[in-house]
Structures are given as C-alpha cells and as structure tokens.
Amino acid sequence: SAERRGANGGIALAGLTVATGGEVVAPAIEVGPGGVLDGAGALAVPVTTGGTLAPGGPDALGTLALTADLTQTAGAVLALKVGTDGADALTVDSAVTLGGTLRVAALPGSTPMVGASYDVLTASSLSGTFERIETPEGLSVSVGAAAVTVSVVGVVSNEEAADEDEALPTALALRAY
C-alpha cells in the first residue's frame with residue numbers, strides 16, 4: 001500500500017487490507033471519498049467517514065462495534081444489509097453524527113422475513129440527519145434518538161440488492177492523525 005505523511009504528522013494509507021486477526025493502531029480513522037471501511041469486529045478510535053462504511057461485507061452480515069464517536073460527512077454512505085436471519089449492525093458506545101446516505105439492501109440470495117425489524121445502528125445519541133435514505137421496495141427505515149431501525153414491510157427484491165452491491169467502491173483509504 002502507498003504511504004505518505006498526513007497533515008499532522010500522521011500516516012495516510014490507501015489500499016490497506018487488514019486480515020482476520022490483524023491490527024491497525026492509530027489515534028483515529030478517516031475514510032475518504034471513494035474509500036470503504038467494511039467487515040465485522042471492533043474499533044476503539046473515533047471514525048470520520050466521507051466514504052462508505054459497510055458492516056459485514058458484500059456477501060455476509062456482520063456487526064461492527066465502535067467505542068468512540070462516529071461522524072458521517074455529506075459524501076458518506078452507510079451501507080447495510082438485511083437477510084433471512086438478521087441484519088448488519090453498527091453499534092456505537094458514543095455519539096454518532098449522521099450525514100450523507102443510508103443505503104439498505106437485501107443480502108444477495110436471502111429472503112428477509114416480512115414483519116421482522118432490526119436495529120441496524122445503535123448509539124448513545126444520534127444527531128444530524130441522512131440527506132438520502134435508499135431502500136428497495138419492502139423495507140422501511142425509522143430514525144430515532146439513539147437507533148436506526150429497518151423493518152421488513154413487504155417482499156424485498158434481491159435484484160435491487162445486487163445492483164446496490166455492485167455500486168460500492170472497492171478502495172480503502174485510512175488516515176492516521
């Protein structure tokens with residue numbers, strides 16, 4: 001991966017992949033435009049994203065747990081999936097500032113159960129708003145003071161979900177500062 005010095009003497013990385021069991025040590029993580037932070041696990045640093053944050057991955061549901069603040073800027077995408085037996089989850093033990101787009105899709109190859117409801121984002125508090133909420137027909141989203149909930153209100157088309165997944169960028173850009 002490419003490495004350069006950040007504005008505050010930190011290290012800016014592009015194209016970073018961390019294997020299962022791997023570790024990134026940094027005082028904060030910033031996902032830039034076009035970047036993607038996805039997977040399951042825990043991060044104990046503040047995260048600011050102007051790219052895509054996708055708990056789980058393209059073909060699996062997962063939970064990403066953050067113990068520090070999350071800030072989504074205007075260009076950010078929070079990409080979540082709902083499956084037959086559950087949904088992606090983003091849990092934040094601190095405050096979340098919403099922004100950008102919330103994109104919810106069905107997990108490819110799954111059939112979300114009508115009547116199911118999932119808290120896909122929980123935090124100590126939510127502020128700000130999503131500028132856009134994108135869901136296929138059959139899913140409904142509600143945003144509360146400390147949770148974002150997705151409800152399955154009808155049959156969800158997997159064709160729409162496949163199109164959403166193809167639109168995700170594939171590069172990861174992290175900047176330590």
message = Checking side-chain contact (heavy atoms from CB on, under 4.5 Å) between V141 and each of L80, L102, V120, which is the one that passes?
response = L102
query = Only one of T91, L53, V47 clears side-chain contact (heavy atoms from CB on, under 4.5 Å) with L64; which?
reply = L53
Contact summary for [X] and [Y], nearest pair of heavy atoms:
X: A79; Y: T52; answer: CB-CG2, 4.1 Å
X: P55; Y: L78; answer: CD-CD1, 4.3 Å
X: T73; Y: G50; answer: OG1-CA, 3.1 Å
X: Y118; Y: T84; answer: OH-O, 4.3 Å
X: D59; Y: P108; answer: OD1-CG, 4.5 Å
X: A40; Y: G62; answer: CB-CA, 4.2 Å

Nearest-0.5 Å distance, CG of residue L61 to OG of residue S110 = 7.0 Å
inquiry  = With side chain to side chain contact (heavy atoms under 4.5 Å, CB included) as the criterion, how do V92 and L121 come out once you've worked through the C-alpha distance, each side chain's angles and the decisive distance to 0.1 Å?
reply    = CA-CA 8 Å; V92 183; L121 169 59; 4.2 Å; yes
inquiry  = Are V143 and L66 connected into the same hydrophobic cluster when the rule is that any two of I, L, V, M, F, W, Y join if their side-chain heavy atoms are below 4.5 Å apart?
reply    = yes
query = Is there a chain of hydrophobic side chains (I, L, V, M, F, W, Y, each step under 4.5 Å between heavy atoms) that links V114 to L139?
reply = yes
Main chain of [Y], side chain of [X]: is a donor-acceptor contact present, judged purely on distance under 3.5 Å?
X: Q72; Y: G100; answer: no
X: T97; Y: T71; answer: no
X: D69; Y: A95; answer: yes
X: K81; Y: V104; answer: no
X: D119; Y: T149; answer: no
X: T49; Y: A76; answer: no

Side chains of [X] and [Y] in contact at under 4.5 Å (non-hydrogen atoms):
X: T135; Y: V150; answer: no
X: L43; Y: I29; answer: yes
X: V31; Y: L37; answer: yes
X: L90; Y: V96; answer: no

message = Can a side-chain donor-acceptor contact be found between D93 and T67 if the only test is distance below 3.5 angstrom?
response = no
request  = For V148 and T122, run side chain to side chain contact (heavy atoms under 4.5 Å, CB included): C-alpha distance rounded to whole Å, both residues' side-chain angles, the deciding distance at 0.1 Å, then the answer.
outcome  = CA-CA 7 Å; V148 174; T122 57; over 6 Å; no
key: Full working for side chain to side chain contact (heavy atoms under 4.5 Å, CB included) between V82 and D88   = CA-CA 6 Å; V82 176; D88 286 329; over 6 Å; no
